[in-house]
Amino acid sequence: MQPSLPVAALLFALFALPVSAEEKHDFAQIKIDAGAAFFAQECRRCHSTDADKSSYGPLLDGVVGRRAGTFQGYPYSKALADAGFVWTEGALRAWMEDNDAFVPGTKMRHVGLTDPTAQDFILAYLGSLKG
Ligand code: HEC
């Protein structure tokens, strides 16, 4: 069945609408929320996001742009403490994908998060955590 003219016009109007700045902002928030859900499932059991709680892994607030192995007071493996690179998005992707290949000798147990969309979401979430 062909859509009647008013329906076609309505569809056209919907798809032709420009995305407002507010909606773009919502997309960013949706990515952060999805990242929080992935993080809760894949990372939180070792990485608390509460600075007052000690956890097995280092606090990741402000990790994007931070030098690896430098969160004050955390007992890093020698491998990560000596790594000397900065956590860029690319480094974080490589780490999520195969951390013990990326930094051999790390004490973080192998995580194999290869789905780029899941990585995108977690990156958006990590980026929202201020140091
Ligand atoms: C089984 C526990 C465990 C899980 C699960 C885990 N981590 Fe880790 N993570 C660690 C430990 C322990 C370290 C410290 C590694 C070292 O010193 O070699 C670490 C270190 C890191 C670092 C380096 C931080 C810095 O200050 O240099 C990042 C980034 C990180 N983890 C991200 C993640 C993300 C993202 C996830 C989820 C996809 C995740 N981790 C899941 C235990 C874990």
Side-chain angles (χ1 to χ4, degrees):
M1 191 182 89
Q2 288 279 21
S4 62
L5 192 61
V7 172
L10 185 66
L11 282 175
F12 178 78
L14 273 178
F15 287 112
L17 274 177
V19 178
S20 71
E22 204 175 312
E23 278 173 87
K24 274 192 189 143
H25 177 77
D26 283 347
F27 287 146
Q29 189 57 49
I30 287 166
K31 278 175 84 171
I32 291 170
D33 292 347
F38 275 108
F39 188 86
Q41 203 175 349
E42 304 283 343
C43 323
R44 180 158 290 146
R45 69 178 181 279
C46 297
H47 292 281
S48 169
T49 45
D50 180 347
D52 296 335
K53 276 198 196 153
S54 67
S55 66
Y56 177 57
L59 196 75
L60 297 179
D61 290 26
V63 74
V64 184
R66 188 165 83 198
R67 192 161 289 277
T70 58
F71 183 70
Q72 281 287 314
Y74 180 81
Y76 289 96
S77 65
K78 186 163 165 31
L80 201 58
D82 292 349
F85 61 84
V86 168
W87 284 118
T88 58
E89 285 203 5
L92 285 163
R93 280 183 199 280
W95 179 257
M96 286 190 258
E97 203 155 305
D98 194 352
N99 57 298
D100 33 14
F102 188 58
V103 180
T106 177
K107 65 177 184 176
M108 178 166 133
R109 204 190 312 142
H110 175 74
V111 173
L113 194 78
T114 54
D115 182 326
T117 309
Q119 291 176 0
D120 277 351
F121 290 158
I122 291 182
L123 283 171
Y125 173 67
L126 289 177
S128 76
L129 301 173
K130 296 291 163 248

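Side-chain atoms are counted along with the backbone in the values below, which use heavy atoms only and exclude waters and symmetry mates. Order of appearance sets the numbers: ligands from 1, and atoms from 1 within every ligand.
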Closest non-hydrogen atom pair between His110 and Glu97, with its separation: CE1-O, 4.3 Å

Side-chain touch Val103/Met108, heavy atoms, less than 4.5 angstrom: no

Part of Val103 with heavy atoms under 4.0 Å of ligand 1, whether side chain, backbone, both or neither: neither

Atom pair CH2 (Trp95) and CG (Leu80), whose distance is rounded to the nearest 0.5 Å: 5.0 Å

Atom 8 (Fe) of ligand 1 reached by Asn99 (N, O or S, under 2.8 Å): no

Nitrogen or oxygen of Tyr56 less than 3.5 angstrom from that of ligand 1: no

N/O separation below 3.5 Å, Arg67 to ligand 1: no

Under 3.5 Å: N/O of Trp87 near N/O of ligand 1: yes

Phe71 versus Pro58, closest heavy-atom pair with distance: CB-CB, 4.5 Å

N/O separation below 3.5 Å, Thr70 to ligand 1: no

N, O or S from Cys46 under 2.8 Å to atom 8 (Fe) of ligand 1: no

Check: Lys107 N/O within less than 3.5 Å of ligand 1 N/O: yes

